[in-house]
Amino acid sequence: MEEQLDHERVEKIAFVLKTIAHPMRVAIIDLLNANEKMSVNDITAYLGLEQSLTSHHLANMKMKGILGSKREGKNIFYFLKMREVPSIIKILEEVNVIVF
């Protein structure tokens, strides 16, 4: 007997994958996985991106629940809210999906 497709489950999975499917977003996730929190300026400097582009990626991932943020004085610090996302990236690396 066939099981019925769980549309909500597959939509949620696709939503997360689409959100992180950009090289700079993966790099940001890697950074935040290695560091408890980082400011926009620190992320921008580390990745060598323009601040507006970095802010765009951060805002998108925050809006979609991957990241969280906290204001401290004049700085906004970002952190991983969805702690499982680095595991998704690691699994993709381990199964040799990334072939150039």
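From a predicted model like this one, the values you see are computed outputs, not experimental measurements. Throughout, numbering of the chain's residues begins at 1 and tracks the sequence.
Looking at Asn35, its side chain never comes within 3.5 Å of a backbone N or O of Met38 through a donor-acceptor pair.
Applying the ring pair (Phe, Tyr, Trp, His ring centres under 6.0 Å) test to every pair with at least one member in residues 17-59, sequence neighbours left out, gives these pairs: His22-His57.
No side-chain heavy atom of Leu47 sits less than 4.5 Å from a side-chain heavy atom of Thr54. Counting only heavy atoms from C-beta outward, the side chains of Ile29 and Met61 approach each other to under 4.5 Å. The shortest side-chain heavy-atom distance between Leu67 and Lys81 does not fall under the 4.5 Å cut-off. Residues Lys18 and Lys64 have side chains not in contact (no heavy-atom distance under 4.5 Å, counting atoms from C-beta outward). A 4.5 Å side-chain heavy-atom check between Leu32 and Ile43 finds at least one atom pair inside the cut-off. Under the 4.5 Å side-chain criterion, counting only non-hydrogen atoms from C-beta, Asn33 is not in contact with Val85.
Phe15 and Met82 are assigned to two separate hydrophobic clusters, defined by single-linkage of ILVMFWY side chains at heavy-atom distances under 4.5 Å. In the hydrophobic clustering of this structure, Leu80 groups with Met24; members are Ile, Leu, Val, Met, Phe, Trp, Tyr whose side-chain heavy atoms approach within less than 4.5 Å, directly or through other members. Phe79 and Val26 fall into different hydrophobic clusters, where Ile, Leu, Val, Met, Phe, Trp and Tyr side chains are chained together by heavy-atom contacts under 4.5 Å.
From Glu84, atom CD reaches atom CD1 of Ile66 across 9.5 Å, with rounding to the nearest 0.5 Å. Note that CG of Leu92 and OG of Ser87 are 11.0 Å apart. Values are rounded to the nearest 0.5 Å. Here CG of Asp6 is found 10.5 Å from CD of Glu11. Values are rounded to the nearest 0.5 Å. Interatomic distance, Glu50 CD to Ser55 OG, rounded to the nearest 0.5 Å: 11.0 Å.
A pairwise comparison of heavy atoms in Ile20 and Arg25 identifies O-CB, 4.1 Å as the closest pair.
For Glu36, the CD atom sits in a loose shell: 12 or fewer heavy atoms of surrounding residues, nucleotides or ligands are nearer than 6.0 Å.
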